[in-house]
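Data block below; observations after.
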Amino acid sequence: MRRFKLGEKRPLIIAGPCSAETREQTIETAMQLAQSGRVDVIRAGTWKPRTKPGSFEGVGEVGIEWLNEVKQATGLPITVEVANRTHVEIALKHGVDILWIGARTTVSPFAIQEIAEALRGNEDITVLIKNPMTPDINLWEGAVKRFIKEGVKEENIGLIHRGFSYFGHSPYRNPPMWHMLFEMRSRFPEMMMICDPSHICGCRPLLHGISQQAADLCFDGLMIESHINPDKAWSDASQQVTPQDCITMIDNIMWRAKTANDPEFNDELKLCRQQIDQIDSELFDLLSQRMKTADKIGHIKKANNVAILQSNRWEAICRRTLSRTRGMGLSEEFVRTVLEAIHLESINRQNEIMNSK
Ligand code: PEP
Ligand code: MN
């Protein structure tokens, strides 16, 4: 029977190097983290999925032996990434407490199926599943379901949000796309959700901000990469922090309670929520009226054989709305997003009208 049980500690703090590189680096990093008393689980990658061949691809099995030395000295559970059946067999042989599934593996149903089957008969093992590289919520859900189907208990499965790969400009290595997380939470409301700020940020200065956001959004823990000499790390050097900086960061995060019993807080919240519900219902009444008017315009355009998209008119709407909403406390990005959604819906409806008999 394994001792580690997901959910017993909140927030759950997992920390350790991106990769186990040498015995000294692994043990020294882990011991400094463990001695702070702020870390609950030690992580290290021993098989590394690297983008290009020829990079450091991990030390393999011996890395788990180093982690086990730390476990023996500190009593802390350990976790490694597994990406195939062999990894699972080796990790189980060494009594690894928690297995994590990397983002490059969650995208592959074949790999997930193989790992899940290799875990048969080990329903007490804890499995943390990172989101897939691509923002495809169904792939993530599918991975969770494959593990459950092969017998891993749902209560022993946790999710790790490590951001999504994105082609374009972003200050983040893998932008967080929090709305995907809200969707995942509604699909698995009881599942522990851990944030990995290191792979989201890809750099040190943004780590605290993302970690605090995760705490504000009610995440259940963090997985942070830490290295005794981050600049010299053999993988993910720019996002790793020294154990000391890691501890300082952890100490500076304000964790929020899921709820509070204070009656004053609950009354105030109830009132605000009633207001929100009222405003939402008025908003949608207005949107419905707006769409009916757009439909009317669609019929007039059809009768007069006029094209749907009138770019001058659309540009004028944007200009006027943006200038009116300036100073209202709404960001330009938000105003544009809402306007574009409304405009698209109007265009789609007018298109239907044009093409109807
Ligand atoms: C890691 O945790 O070191 C790792 C490879 O992460 P990801 O799968 O999120 O890229
Ligand atoms: Mn890494």
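Atoms within a ligand are numbered from 1 in the order they appear, just like the ligands themselves.
- Remark: distances from the non-hydrogen atoms of Glu225 to ligand 1 include one below 4.0 Å.
- Nearest protein heavy-atom contact of atom 8 (O) of ligand 1 is Ala103 N, 2.8 Å.
- At a threshold of 4.0 Å, the pair Lys93-Glu89 does not count as salt-bridged, since none of the basic side-chain nitrogens sits closer than that to a carboxylate oxygen.
- In summary, the side chains of Asp216 and Gln212 do present a donor paired with an acceptor at a separation below 3.5 Å, with no hydrogens or angles considered.
- Considering the Mn ion (ligand 2) as centre, the angle to NE2 of His199 and to OE2 of Glu225 is 90° (10° rounding).
- Below 4.0 Å from some heavy atom of Trp100 lie the following atoms of ligand 1, by number and element: 1 (C), 2 (O).
- Nearest protein neighbour of atom 4 (C) of ligand 1, counting heavy atoms only, is His199 NE2, 3.4 Å.
- Rounding to 10 degrees, one finds that the Mn ion (ligand 2) sits at the corner of an angle of 100° between Asp236 OD2 and Cys18 SG.
- A salt bridge is defined here as a Lys NZ or Arg NE, NH1 or NH2 lying under 4.0 Å from an Asp or Glu carboxylate O, and Asp231 with Arg204 meets this definition.
- Atom numbering of ligand 1 starts at 1 in the shown order; those under 4.0 Å from a heavy atom of Gly102 are 8 (O).
- Defined by atom type and a distance below 3.5 Å, a donor-acceptor pair is present between the side-chain atoms of Gln32 and Glu28.
- Leu159 has its side chain within reach of Val144: a pair of non-hydrogen atoms, C-beta onward, lies under 4.5 Å apart.
- Any N or O atom pair closer than 3.5 Å counts here, and Glu81 shares no such pair with ligand 1.
- Below 4.0 Å from some heavy atom of Cys18 lie the following atoms of ligand 1, by number and element: 3 (O).
- With Trp178 as the fixed residue, the ring-ring contact (aromatic ring centres under 6.0 Å, His included) test singles out one of Phe164, Tyr172, Phe219: Phe219.
- Judged purely by distance below 3.5 Å, without hydrogens or angles, the side chains of Glu225 and His199 pair a donor atom with an acceptor atom.
- The side chain of Lys48, and not its backbone, has at least one atom closer than 4.0 Å to an atom of ligand 1 (non-hydrogen atoms only; side chain from C-beta on).
- Remark: ligand 1 atoms within the under-4.0 Å shell around heavy atoms of Arg104 are 7 (P), 8 (O), 10 (O).
- Between atom 6 (O) of ligand 1 and the options Lys130, Arg43, Arg162, Arg50, the minimum heavy-atom separation is to Lys130.
- In this pair, Trp314 and His343 present their aromatic rings parallel. The plane angle is below 30°, not in the 30 to 60° band.
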